[in-house]
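Position 1 is the first residue of the sequence; numbering continues from there. Atoms within a ligand are numbered from 1 in the order they appear, just like the ligands themselves.
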Amino acid sequence: MIDAAFIQRVQAIVGDAGLVTDTIDIEPYVRDWRGNYLGKTSLVVRPANTGEVADVVKLCAETGVPIVPQGGNTGMVGGGVPDSSGRAIIISLTRMNKIRSIDLANSAMTVEAGCILAAVQEAALRCERYFPLSLAAEGSCTIGGNLSTNAGGTAVLRFGNARDLVLGIEAVTPEGNIWHGLKALRKDNTGYDLKHLLMGAEGTLGIITAAVLKLFPKAQRTCTALVAVSDPAAAVELLATIQGAMGDRLTGFELMSRVCLDHVIKHFPETPEPFSARHAWQVLVELTDTMKDSPLEDTLSMALQPAFESGKAVDAVIATSEAQAQALWNMREHVPPAEKLQGRSVKHDISMPISTIAEFIQRGDAALNARFPQAQVICFGHIGDGNLHYNLSFPGMLPSAEQTRDANNIVYTLLDELAGSISAEHGLGQMKREEITKHKSRVELDMMRAIKAALDPKGIMNPGKVL
Ligand code: FAD
Ligand code: 2HG
Ligand code: ZN
């Protein structure tokens with residue numbers, strides 16, 4: 001129970017600088033970015049180091065106080081905010097934001113969990129290296145949150161998800177013990193790979209306090225282009241064509257419907273119209289190379305030629321300056337904030353075999369438009385990874401429980417048919433905790449529950465999330 005005596009014991013561990021108890025100061029920690037979840041707590045703890053995290057967790061294990069770990073609180077599924085009981089405390093890692101070391105010989109960087117993603121990217125660039133995780137929330141999300149959600153983003157196509165970018169982690173177990181797993185090894189077959197259990201666990205198995213991240217050579221050439229295509233099938237065909245021509249120089253391939261651009265241009269009027277005509281679908285293509293004289297633009301133009309001849313590509317702009325490239329990325333990255341300004345939506349972060357994307361969009365649109373003529377499908381995402389953000393926007397109204405249920409049923413039934421997943425990159429959190437039980441087998445759910453019970457027998461670590 002969070003009473004005065006408990007708060008005093010926490011204060012003895014973290015000092016005044018590590019405590020937030022004022023209701024107004026607590027507010028940003030209990031509300032999620034999208035405004036879908038409002039939780040309750042009377043204590044946010046901000047430890048300064050791993051020892052303090054461990055001591056606070058030990059105290060919680062002793063007293064049975066549940067813990068919600070939190071980083072930048074940019075998560076999309078309510079995983080980082082407490083429930084409304086007021087029983088849990090939040091442990092925010094944001095004060096633990098040191099880059100502990102950069103090891104160029106091993107192409108590795110050791111960072112604390114509260115490091116902001118953009119700060120990690122910048123530190124890598126300062127050493128002529130590259131840390132590839134990239135997403136629109138990078139100015140405020142943290143490495144701890146990125147690893148705990150196994151975040152995706154816009155460069156998964158070439159570099160993989162967050163878990164692929166990690167060599168080792170340090171974590172505090174639900175009993176308050178510290179696991180010192182900060183090795184920078186690229187090969188280590190010594191039994192169960194525990195770091196992969198904690199990554200993607202959304203804070204339900206322990207608290208990640210630091211990580212050893214992989215660094216990559218910095219790109220010397222970048223080519224960014226926006227290509228308007230006739231339909232999603234043409235986009236998928238273009239993906240294969242460009243991959244065939246340019247291999248893993250293709251680092252990003254992002255689909256956006258015209259509806260997405262309309263919302264971005266409406267809410268962020270400084271956004272320029274990319275083409276002289278309106279096109280129903282466009283893909284943002286990013287190519288990079290570590291070789292200085294790589295002819296990326298010429299190779300891309302040649303690769304696009306057959307698509308133009310067949311009418312599958314209908315227009316294209318290739319950025320000729322860094323500012324133009326940035327403007328194209330701004331357009332893409334403003335889709336979620338524009339959707340938020342448009343009002344409430346039922347969000348679907350889904351994946352499916354790339355070969356089924358066009359069929360999914362065609363059948364999904366037809367079913368959703370028939371059931372919800374007043375709503376609008378917002379379709380965009382990382383189609384190079386088979387990952388769509390397929391949201392249903394209800395401007396000016398709050399979708400009812402029944403509407404949300406029906407929208408989910410339409411999307412998830414179709415996904416089951418196509419062997420897809422109900423969460424590609426945001427995780428389950430509170431939002432999909434019930435839903436997942438309909439899409440995973442008993443065997444799979446039982447194994448997950450057994451792991452949770454073994455590592456967190458008191459059930460204090462982020463209860464009510466994932467399982
Ligand atoms: P939080 O939101 O604070 O927490 C997320 C989860 O991780 C919670 O369950 C929390 O309990 C847990 N957690 C946090 N820190 C720790 C820790 N140190 N140890 C254990 N558990 C912890 N996601 C993508 O994958 N791809 C995208 O392209 C993408 N784009 C986004 C764009 C916008 C505009 C926004 C707002 C979000 C986007 N996201 C995206 C969502 C994404 O999950 C988060 O941005 C990010 O990975 C979460 O980091 P965070 O520090 O904000 O974590
Ligand atoms: C993105 O790719 C994020 O921009 C957010 O994953 C997706 O808002 C969304 O639905
Ligand atoms: Zn995404």
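Considering each of Val335, Ile143, Thr142, the one bringing a non-hydrogen atom nearest atom 51 (O) of ligand 1 is Thr142. When the heavy atoms of Gly429, Cys141, Ala211, Gly80 are ranked by distance to atom 49 (O) of ligand 1, first place goes to Cys141. With distances taken over non-hydrogen atoms, the option nearest atom 18 (N) of ligand 1 out of Leu205, Ile208, Thr154 is Ile208. Residue Thr149 holds the heavy atom nearest to atom 6 (C) of ligand 1 of all those in Val172, Leu198, Thr149. Comparing Ala136, Gly153, Pro69 against atom 32 (C) of ligand 1, the shortest heavy-atom distance belongs to Ala136.
Checked against a 6.0 Å centroid threshold, the rings of His382 and His389 count as neighbours.
Every atom of ligand 1 with a heavy atom of Ser148 under 4.0 Å away is listed here by number and element: 7 (O), 12 (C), 13 (N), 16 (C), 17 (C), 19 (N), 20 (C), 21 (N), 22 (C). Less than 4.0 angstrom separates some heavy atom of Asn462 from each of these atoms of ligand 1: 9 (O), 11 (O). Numbered from 1 in the order shown, with element, the atoms of ligand 1 that lie under 4.0 Å from a heavy atom of Ile207 read 19 (N), 20 (C). Close contacts of ligand 1 with His426, meaning ligand atoms under 4.0 Å from a residue heavy atom, involve 23 (N), 24 (C), 40 (C). Residue Leu135 approaches ligand 1 through these ligand atoms, each under 4.0 Å from one of its heavy atoms: 27 (C), 28 (O), 29 (C), 30 (N), 40 (C), 45 (O). Atoms of ligand 1 found under 4.0 Å from any heavy atom of Asn146 (numbered from 1 in listed order, with element): 46 (C), 47 (O), 49 (O). Residue contact check: His382 has heavy atoms under 4.0 Å from atoms 28 (O) of ligand 1. With ligand atoms numbered from 1 in the order given, ligand 1 contributes 25 (O), 47 (O) to contacts under 4.0 Å with heavy atoms of Ala151.
His348 and Tyr412 have perpendicular rings, their planes meeting at more than 60° on a 0 to 90° scale where under 30° would count as parallel.
Among protein heavy atoms, atom 27 (C) of ligand 1 sits closest to Glu425 OE2, 3.5 Å. The protein atom (non-hydrogen) at minimum distance from atom 50 (P) of ligand 1 is Gly72 N, 3.4 Å. The protein non-hydrogen atom at the shortest distance from atom 53 (O) of ligand 1 is Gly145 CA, 3.4 Å. The protein non-hydrogen atom at the shortest distance from atom 2 (O) of ligand 1 is Gly75 N, 2.8 Å. Of the protein's heavy atoms, Asn73 N, 3.6 Å lies nearest to atom 1 (P) of ligand 1. The closest protein non-hydrogen atom to atom 37 (C) of ligand 1 is Thr74 O, 3.3 Å. Considering only non-hydrogen protein atoms, atom 36 (C) of ligand 1 sits nearest to Trp33 CD2, 3.3 Å.
Counting heavy atoms of neighbouring residues, nucleotides and ligands inside a 6.0 Å radius, atom CD of Gln121 exceeds 12 of them. The number of heavy-atom neighbours closer than 6.0 Å to CD of Glu270, taken from other residues, nucleotides and ligands shown, is above 12. Shown here is Arg95, whose CZ atom has more than 12 heavy atoms of other residues, nucleotides or ligands within 6.0 Å. Within 6.0 Å of CD in Glu27 there are more than 12 heavy atoms belonging to other residues, nucleotides or ligands. No more than 12 heavy atoms of other residues, nucleotides or ligands lie within 6.0 Å of NZ in Lys183, so this atom counts as exposed by the packing criterion.
Checked by distance only, ligand 1 and Glu202 come closer than 3.5 Å through their nitrogen or oxygen atoms. Taking only nitrogen or oxygen atoms, main chain and side chain alike, Ala113 does not reach within less than 3.5 Å of ligand 1. By the 3.5 Å distance cut-off applied to N or O atoms, Gly152 is counted among the residues near ligand 1.
Protein residues with a heavy atom closer than 4.0 Å to ligand 2 are Met76, Arg332, Pro336, Lys347, Phe380, His382, His389, Asn391, Glu425, His426, listed by chain and number.
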Arg258 and Glu273: CA distance, side-chain angles, deciding distance, salt bridge (charged side-chain N to carboxylate O under 4.0 Å, His left out) verdict
CA-CA 11 Å; Arg258 178 66 216 190; Glu273 274 289 350; 2.8 Å; yes
Set out, in order, the CA-CA distance, both residues' side-chain angles and the distance that settles salt bridge (charged side-chain N to carboxylate O under 4.0 Å, His left out) for Glu359 and Arg363, then state yes or no.
CA-CA 6 Å; Glu359 178 187 350; Arg363 291 175 61 190; 2.7 Å; yes
Is there a salt bridge (charged side-chain N to carboxylate O under 4.0 Å, His left out) between Glu202 and Arg433? Walk through the geometry before answering.
CA-CA 12 Å; Glu202 302 179 51; Arg433 177 189 175 221; over 6 Å; no
Show the numbers, then the answer: is there a ring-ring contact (aromatic ring centres under 6.0 Å, His included) between Phe216 and Phe131?
CA-CA 6 Å; Phe216 293 80; Phe131 181 63; 7.9 Å; no
Give the C-alpha distance, both sets of side-chain angles, the deciding distance and a yes or no for salt bridge (charged side-chain N to carboxylate O under 4.0 Å, His left out) between Glu175 and Lys58.
CA-CA 6 Å; Glu175 279 155 355; Lys58 254 186 208 131; over 6 Å; no
Chi angles and distances behind the ring-ring contact (aromatic ring centres under 6.0 Å, His included) call for Tyr390, Phe380
CA-CA 7 Å; Tyr390 193 69; Phe380 64 105; over 10 Å; no
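Under a 4.0 Å heavy-atom criterion, Lys465 is not in contact with ligand 1. Contact annotation: Gly206 has at least one heavy atom less than 4.0 Å from an atom of ligand 1.
A salt bridge links Glu62 with Arg9: the distance from a Lys NZ or Arg NE/NH1/NH2 to an Asp or Glu carboxylate oxygen falls below 4.0 Å.
Closest to the Zn ion (ligand 3) among the N, O or S atoms of Glu425 is OE2.
Distances from the Zn ion (ligand 3) show that His389 has an N/O/S atom below 2.8 Å.
Just one residue in the list Val81, Asp32, Val30 forms a side chain to side chain contact (heavy atoms under 4.5 Å, CB included) with Leu38, and that residue is Val30.
Asn391 and Glu339 share a side-chain donor-acceptor pair at under 3.5 Å.
With a 4.0 Å cut-off on non-hydrogen atoms, Leu93 touches ligand 1 through its side chain and not its backbone. Under 4.0 Å from ligand 1, not a single heavy atom of Asp32 appears.
In this structure, the separation between CD1 on Ile67 and OG1 on Thr41 is 11.0 Å, given to the nearest 0.5 Å.
In this structure, the side chain of Gln430 does not engage the main chain of Gly464 through any donor-acceptor pair within 3.5 Å. The closest donor-acceptor contact from the side chain of Arg344 to the backbone of Gly35 lies under 3.5 Å.
A cation-pi contact links Lys340 to Trp33, judged by a cut-off of 6.0 Å to the six-membered ring centre and 45° from its axis.
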